[in-house]
Colleague: 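Okay, handing you the structure first.
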Amino acid sequence: MSKSLKNFITIQEVLKKYTARQLRITFLLHSWKDTLDYNENTMDLAKAYEKTANEFFLTVKHFLRSTPATGVAAFSKWSASEIEMNKKLETCKSNVHTAFCDNIDTRTVLETIRELITSSNVYIEANRSTGSINRQLLRNIACYITEIFNVLGLIAREESVGFPSGGSANGVDLETLVLPYLNSLADFRDNVRKSARGIKATEILAECDRLRDDVLPNLGVRLEDKENEATVIKLVDRDQLMKEREEKKAAEEKKRLEKEAKKKEAEAKAAALEAQKRIPPSEMFLSETDKYSKFDDKGFPVLTKDGEEIPKAQVKKLQKLYQAQEKKYNDFLKSQNRES
């Protein structure tokens with residue numbers, strides 16, 4: 001970019017379309033000593049990274065809220081998967097430290113953390129159905145990532161886990177204020193859905209879905225229904241949820257149109273086959289005057305368009321087509337006789 005060529009963009013202009021955090025991530029995903037080319041693809045990478053990290057934090061917060069924090073119930077013995085996951089955390093810490101010491105290699109730092117998040121998500125999904133996810137291990141991972149993000153300037157104020165989820169009032173963040181109410185709402189909705197399923201009340205189930213898909217996203221709240229655990233509650237930027245909803249609707253509409261197109265194609269193909277059955281074999285070649293100039297009394301081609309005899313190899317192919325059409329036509333006539 002060059003000011004003289006007028007193809008540059010200011011920070012203020014970028015912030016009209018993207019958040020300050022997304023812009024910081026863009027810078028951090030590139031070496032400070034290399035040239036950074038600003039474009040839509042570059043910013044999309046930053047947005048994708050932010051979403052990956054934020055979804056992980058929201059998932060961890062869900063488990064921290066929905067599992068015991070103290071007492072015997074909070075203790076769980078580590079299995080091989082927890083030991084392996086903890087090794088990955090320690091490896092990540094070591095690699096991040098090395099990257100910082102290597103000319104402040106922030107790109108490697110973020111990529112290393114991304115790998116840790118990916119491994120953590122795999123661990124969560126592998127143990128989710130059995131309810132054997134180690135709460136403290138997840139918290140240790142999330143707290144470490146939060147600490148590194150704080151060092152990198154990606155978090156505006158001190159957080160124990162994840163990005164800030166909204167404004168604050170009297171020093172209390174939005175998540176602390178609203179989650180008790182959202183938990184009560186989610187529990188009530190779960191109980192209503194269970195009862196509605198028992199009596200097959202589809203209208204009530206539809207209203208529960210409308211609350212999840214239309215009402216709460218407008219308030220910046222995402223509900224994720226799970227089979228064997230409590231509903232996951234995530235506070236997400238309202239604009240992001242609106243965009244996700246529009247993308248979902250667009251994907252569903254695309255799928256519907258593709259399904260309709262396939263149905264119409266199948267119907268057209270079936271109609272063409274049905275129409276083909278109705279053609280007597282003696283007429284099937286008569287319209288192909290661009291290929292043949294003479295036909296016998298059965299409508300079979302005798303001469304090419306140039307008045308030459310048709311080669312024997314081609315005659316054999318045409319005979320097979322003629323015989324196949326003869327069979328189709330005879331079957332059609334039999335079906336007509338049965339109907340009459």
Side-chain angles (χ1 to χ4, degrees), residues 49-96 112-151 154-155 157-166 172-191 194 212 216 220-236:
Y49 189 98
E50 180 191 41
K51 184 177 181 180
T52 298
N54 195 41
E55 288 296 323
F56 171 69
F57 287 140
L58 293 172
T59 300
V60 172
K61 287 180 180 180
H62 163 70
F63 284 109
L64 295 182
R65 291 193 304 268
S66 59
T67 55
T70 58
V72 178
F75 173 79
S76 60
K77 185 178 180 181
W78 281 20
S79 65
S81 60
E82 279 77 34
I83 294 173
E84 180 64 25
M85 194 65 240
N86 190 62
K87 286 182 180 178
K88 291 180 179 179
L89 171 59
E90 295 303 318
T91 300
C92 176
K93 289 180 179 180
S94 176
N95 291 341
V96 166
T112 302
I113 288 177
R114 193 207 301 267
E115 291 174 5
L116 179 62
I117 291 174
T118 300
S119 298
S120 300
N121 287 334
V122 171
Y123 164 76
I124 290 171
E125 291 306 316
N127 295 278
R128 192 166 210 155
S129 59
T130 60
S132 58
I133 293 175
N134 190 285
R135 180 184 191 276
Q136 188 58 46
L137 176 58
L138 275 187
R139 189 179 189 281
N140 291 345
I141 294 170
C143 285
Y144 171 71
I145 295 174
T146 303
E147 178 187 348
I148 297 302
F149 282 177
N150 188 35
V151 170
L154 297 179
I155 298 177
R157 61 175 184 266
E158 185 175 349
E159 291 285 325
S160 58
V161 172
F163 300 129
S165 55
V172 182
D173 71 287
L174 179 64
E175 191 173 85
T176 304
L177 283 173
V178 304
L179 273 173
Y181 304 99
L182 291 176
N183 278 325
S184 298
L185 174 64
D187 290 343
F188 175 74
R189 177 176 171 275
D190 283 346
N191 292 332
K194 288 177 183 177
R212 177 196 62 201
L216 291 179
V221 179
R222 183 200 292 153
L223 294 185
E224 296 177 359
D225 294 323
K226 302 294 181 181
E227 285 296 325
N228 300 314
E229 63 181 82
T231 298
V232 178
I233 304 170
K234 295 181 178 181
L235 294 184
V236 187

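Remember, it's a predicted structure, so these values are computed and weren't measured experimentally.
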Colleague: Looking only at heavy atoms, what is the nearest atom pair of Phe57 and Ala142, with distance?
Modeller: CE2-O, 3.7 Å

Colleague: Measure the spacing between CG of Asp225 and CG of Asp190 and express it to the nearest 0.5 Å.
Modeller: 6.5 Å

Colleague: Sequence neighbours left out, what passes side chain to side chain contact (heavy atoms under 4.5 Å, CB included) with Lys87? Give chain and number order.
Modeller: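 Side chain to side chain contact (heavy atoms under 4.5 Å, CB included) check on Lys87 returns Ile83, Glu84.
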
Colleague: Could you tell me the separation between the CD1 atom of Ile117 and the CZ atom of Arg114, rounded to the nearest 0.5 Å?
Modeller: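 Answer rounded to 0.5 Å: 8.5 Å.
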
Colleague: Any chance you could measure Leu235, atom CG, to Leu179, atom CG, to the nearest 0.5 Å?
Modeller: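 Leu235 atom CG to Leu179 atom CG measures 5.0 Å (nearest 0.5 Å).
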
Colleague: With a 4.5 Å heavy-atom cut-off, do Phe63 and Arg128 have their side chains touching?
Modeller: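 The answer is yes, as the side chains (C-beta and beyond) meet within the 4.5 Å cut-off.
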
Colleague: Just to verify, what does Arg135 make a side chain to side chain contact (heavy atoms under 4.5 Å, CB included) with, not counting sequence neighbours?
Modeller: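 Applying side chain to side chain contact (heavy atoms under 4.5 Å, CB included) to Arg135 gives Leu64, Thr67, Ala69.
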
Colleague: Report yes or no: does Ser94 contribute a side-chain atom to a donor-acceptor pair with the main-chain N or O of Thr91 at less than 3.5 Å?
Modeller: no

Colleague: Kindly check if the number of other-residue, nucleotide or ligand heavy atoms within 6.0 Å of CZ (Arg189) is above 12?
Modeller: yes

Colleague: How many angstroms lie between CG in Asn140 and OG in Ser120, if you round to the nearest 0.5 Å?
Modeller: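 Those atoms lie 11.0 Å apart.
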
Colleague: Do Ile141 and Ile145 have side-chain heavy atoms sitting under 4.5 Å apart?
Modeller: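 In contact.
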
Colleague: Measure the CD1-CD distance between Ile233 and Glu224 for me, rounded to the nearest 0.5 Å.
Modeller: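 One finds 10.5 Å between CD1 of Ile233 and CD of Glu224.
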
Colleague: Return the set of residues passing side chain to side chain contact (heavy atoms under 4.5 Å, CB included) with Asn134 (not counting sequence neighbours), or none when no residue passes.
Modeller: Ser76, Trp78, Glu82, Tyr123, Gln136, Leu137

Colleague: Locate the shortest heavy-atom distance separating Asn150 from Ile155; write the atom from each residue and the value.
Modeller: OD1-O, 3.8 Å

Colleague: What I'd like to find out is whether the side chain of Val232 reaches to under 4.5 Å of the side chain of Thr59, using heavy atoms alone.
Modeller: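 Contact flag for Val232/Thr59 side chains = no.
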
Colleague: Using side-chain heavy atoms (C-beta onward) and a distance below 4.5 Å, is Ile113 in contact with Tyr49?
Modeller: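 A side-chain contact exists here, since the closest heavy-atom pair is under 4.5 Å.
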
Colleague: Atom CG of Leu223 and atom OG1 of Thr231: how far apart are they, to the nearest 0.5 Å?
Modeller: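 Rounded to the nearest 0.5 Å, the CG-OG1 separation comes to 6.5 Å.
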
Colleague: For residues Leu185 and Leu216, determine if any side-chain heavy atom of one lies less than 4.5 Å from a side-chain heavy atom of the other.
Modeller: yes

Colleague: Side chains of Lys61 and Lys234: closer than 4.5 Å at any heavy-atom pair?
Modeller: no

Colleague: Do NZ/NE/NH1/NH2 and the carboxylate oxygens of Lys93 and Glu147 come within less than 4.0 Å?
Modeller: no

